[in-house]
Amino acid sequence: SSCCCCCSTASDSFIMAKESSMFSKNVIISAVSNLSTAYNLTIISLAFTISTFIYPETKNQTTDSTSSVKTAALVGAIFGQLTMGYVGDCLGRSRAMGITMGLTILGALLSSINQPYGATDAGPNVTLEQMKYYEEHGKLPSTAGATSMHTAYVWLVFTRVLLGVGVGGVYPLAATVAAESSKDNASRGTQVSLVFSTQGIGFLLCPLVILLLIAVNPSPDIHYGDLEGTHKGGCLRYYDIVNKTTSAKDPMFTGECSKGANDINWRLALALGALPGILLLPYKVAETSNVVRDPTRQSTFWSDLGRREYWPKLIGTAGGWFLFDIVFYGNSLFASVITEKVFGSTNDIREIAIHNAIVFAIALPGYWVATALMDKMGRKNIQLLGFFFMGAIFSLLAALLKFVGSTKLNPALLLILYGLTFFFANFGPNSTTFILPSETFPVEVRTSLNGFSAACGKAGAAIGAACFKPLSVKLGDEMVLLICGIISFLGVIVTFFFVEDRRGKSMAEGESRMGYASIQARPNQGLLSSPLEDEA
């Protein structure tokens, strides 16, 4: 009992003695790390827009390849959130953050140097004979290389898993370091929300980087040889005829490439994801936990999850994050409807990047409002408000699509409603789910259970990614949006009953009664063993 009390007191004094400035080194490192995570997870979509011109596949295969590469990063992120959160509680926040950023740098750089480089034939894995067969029969032969994933994208699957582990680890560590480095309890929410708001900047940087690369290097310098072995056609030739994206009479010889569709630009876009981590290399997070000073700690991941005192809190943090990330894919699904209705359909890389920049810019105000009001309104109230209005807007959009139809809706109204879903997501659960785990749990399990909560969020994202598209095809967009509305209202219920409002309260007040001493009472328990085994 006395040991536990001493541990709690030491923890409190150690944490509060850390850097206290709102823009301290710890806060800046956490913010830049979070920006890096957002950029690296998002840039792959625009990079694929360019790379498919260089390494073309059939439309269906392109969809499968894109999905596989994104899923690989998602799987890596879930693993990183679970493992790096636990590493942060065992080895300290500083060491764990160094490992995550190292993996992020390595994953981003390896993603950009995959082979093959360039195209001198009809396209890698696609022969001139196969192109001729397509011209004569209107389809590719069953053995055509383009009907399976291109080798360049197979490499990306493996490198994005590695990158995912790094960026996934940033979620629990950046939030916890920012929370534990707060100058006082009254401004802790504002400080962590400020760190999280850099996610919006990371999203916006993706299309801006693509636009910059296109402006600096606009040449479509990859060309495919035609059937006679000359270079009459442009680099879109094979892409055009397979995906039918040109109205030219003879697309075999007259396809024109979009500006900037070359093999350098998409690789540079991926490689730049390593830049934030490289810039942070000379700096080190100042340790904010007492893990390093208390080497006797023997808590395990399973024992942390096995403590029933945490279960209601986990329903609030992990459950809310899980529901939100499912719903967030409703926004992603509706994005294509909005952009096509407002801006029209296009295959031009520059126009696609501009449209993405507009959508990401619309989302920014929600982050800033959340930062300004986080400590005034409280995390619980903001999350309740966000979930409620998201549910209401998704339901309204579903009703409008059902009874009015997307073709009759005013484009400006669609854009406004779409912007509001982003606003209340960011001024709502997108910000609060990042903050809540970092202050809800005691110091000895804080990054572990933060990582578990974040991993539940990514599991929700995986469900949304896997289910929403087939559901939209089978039931229609309006039903998917209605499902998003229902899930949002479920988020209101979970938040109301299970989220603890710790506005203005000391994080140390939530220290576990169990403490380190109770954990050490089971010396035979292995590092990853289940607590249930000992009870048996």
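Residue indices begin at 1 and follow the sequence shown.
Taking the six-membered ring for Trp and thresholds of 30 and 60 degrees, F422 and Y418 have ring planes more than 60 degrees apart, a perpendicular arrangement.
With D325 contributing its side chain and G460 its backbone, the two residues share no donor-acceptor pair below 3.5 Å.
The side-chain contact (heavy atoms from CB on, under 4.5 Å) search around V165 returns F79, M84, L103, not counting sequence neighbours. Contacts of L279 classified as side-chain contact (heavy atoms from CB on, under 4.5 Å), with partners at least two apart in sequence or in another chain: L275. Not counting sequence neighbours, Y39 has no partner by the ring-ring contact (aromatic ring centres under 6.0 Å, His included) test.
For the pair L74 and K458, the tightest heavy-atom approach, listed with the atom from each and the gap, is CD1-CD, 3.2 Å.
Side-chain atoms of T495 and Q383 form a donor-acceptor pair, as typed in the model, at a separation below 3.5 Å. For K70 and S45, the side-chain atoms include at least one donor-acceptor pair closer than 3.5 Å.
Under the side chain to side chain contact (heavy atoms under 4.5 Å, CB included) test applied with N356, the options T42, T49, L46 reduce to a single match, L46.
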Requested in this report: Verify ring pair (Phe, Tyr, Trp, His ring centres under 6.0 Å) between F48 and Y153, making sure each step is shown before the conclusion.
Outcome: CA-CA 9 Å; F48 249 102; Y153 306 139; 4.8 Å; yes
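Looking only at side-chain heavy atoms (C-beta outward), T421 and L397 come within less than 4.5 Å of each other. Put simply, the side chain of N265 does not reach to within 4.5 Å of the side chain of I210, judged on heavy atoms.
When the shell of 6.0 Å around CZ of F489 is examined, it contains more than 12 heavy atoms from other residues, nucleotides or ligands.
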